[in-house]
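So the structure is just underneath, and the comments pick up after that.
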Amino acid sequence: MIEQLSEDFRNQVVFVHGCWEWIGRRTKSNHGQYRSFTAYRYVWETLMDKVPRKMHLHHMCKNPACVNPYHLAIVTRAEN
């Protein structure tokens, strides 16, 4: 699945214990930053689907630098 992402993006990911760990630029909260997106949201919207309005992506693996879409879930703000 990751092969569907650009080489530029893939070059900023390493695989650690099932996570796709972002090693590129990060936000203050340790989320990956890719262009004008958080890296995990970019992956989700590129490989999966749009995140519905007023919903959020939650890292089930508790790793904010993870961009593996199988480690993310769409949740409400309160759940996140």
Side-chain angles (χ1 to χ4, degrees):
M1 178 174 269
I2 196 167
E3 33 312 305
Q4 296 173 353
L5 299 167
S6 72
E7 184 176 355
D8 173 56
F9 187 93
R10 293 190 318 261
N11 287 337
Q12 298 183 75
V13 174
V14 295
F15 302 96
V16 180
H17 306 293
C19 287
W20 300 1
E21 182 94 17
W22 182 258
I23 59 172
R25 195 172 105 209
R26 294 188 187 181
T27 66
K28 290 179 183 179
S29 59
N30 211 30
H31 292 95
Q33 186 72 38
Y34 183 69
R35 299 182 183 161
S36 61
F37 300 93
T38 53
Y40 66 94
R41 187 178 186 109
Y42 172 80
V43 169
W44 182 272
E45 293 197 347
T46 301
L47 300 179
M48 308 302 264
D49 201 356
K50 294 282 184 192
V51 177
R53 185 175 162 88
K54 297 187 179 183
M55 299 299 282
H56 299 262
L57 289 172
H58 172 71
H59 287 89
M60 295 181 296
C61 60
K62 308 291 188 215
N63 178 359
C66 180
V67 297
N68 183 340
Y70 294 112
H71 289 195
L72 301 171
I74 294 177
V75 297
T76 65
R77 182 178 182 159
E79 291 171 313
N80 195 26

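The structure presented is a predicted model; accordingly, all values stated were derived computationally and were not measured.
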In sequence, state the C-alpha distance, the side-chain angles, and the governing distance for Met55 and Val75, and then conclude on side chain to side chain contact (heavy atoms under 4.5 Å, CB included). CA-CA 6 Å; Met55 299 299 282; Val75 297; 5.5 Å; no

As a quick check of understanding, evaluate side chain to side chain contact (heavy atoms under 4.5 Å, CB included) for Ile74 and Trp44, giving each step before the final call. CA-CA 10 Å; Ile74 294 177; Trp44 182 272; 3.6 Å; yes

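Using a 4.5 Å cut-off on side-chain heavy atoms (C-beta onward), Arg35 and Asp8 make contact. Residues Leu5 and Tyr42 have side chains in contact (heavy-atom distance under 4.5 Å, counting atoms from C-beta outward). You'll find the side chain of Val67 reaches within 4.5 Å of the side chain of Phe9, heavy atoms only. Arg41 is listed as a side-chain neighbour of Leu57, based on a closest heavy-atom distance under 4.5 Å.
Under the 30°/60° scheme for interplanar angles, the aromatic rings of His59 and His31 are found to be tilted.
Closest heavy-atom contact between Gly18 and His71: O-CE1, 3.2 Å. Here the shortest heavy-atom pairing between Gln33 and Ser36 reads NE2-C, 3.7 Å.
Taking hydrophobic clusters as Ile, Leu, Val, Met, Phe, Trp and Tyr residues chained together by side-chain heavy-atom distances below 4.5 Å, Leu72 does not share a cluster with Met60.
Glu3 places a side-chain N or O within donor-acceptor distance of the main-chain N or O of Met1, the cut-off being under 3.5 Å.
Each of Asn68, Leu47, Val13, Val43 was evaluated against Ile2; a single residue qualifies, Val13, per the side chain to side chain contact (heavy atoms under 4.5 Å, CB included) test.
Distance check, rounded to the nearest 0.5 Å: CD of Gln4 to CZ of Arg10 gives 10.5 Å. Rounded to the nearest 0.5 angstrom, Thr46 OG1 and Tyr34 OH are separated by 8.5 Å. In this structure, the separation between NZ on Lys50 and CD on Glu45 is 4.5 Å, given to the nearest 0.5 Å.
Contacts classified as side chain to side chain donor-acceptor pair (under 3.5 Å) and involving residues 11-24 (residues at least two apart or in different chains) are given here: Glu21-Arg26, Glu21-Asn63.
Other residues, nucleotides and ligands place no more than 12 heavy atoms under 6.0 Å from the CD atom of Glu7.
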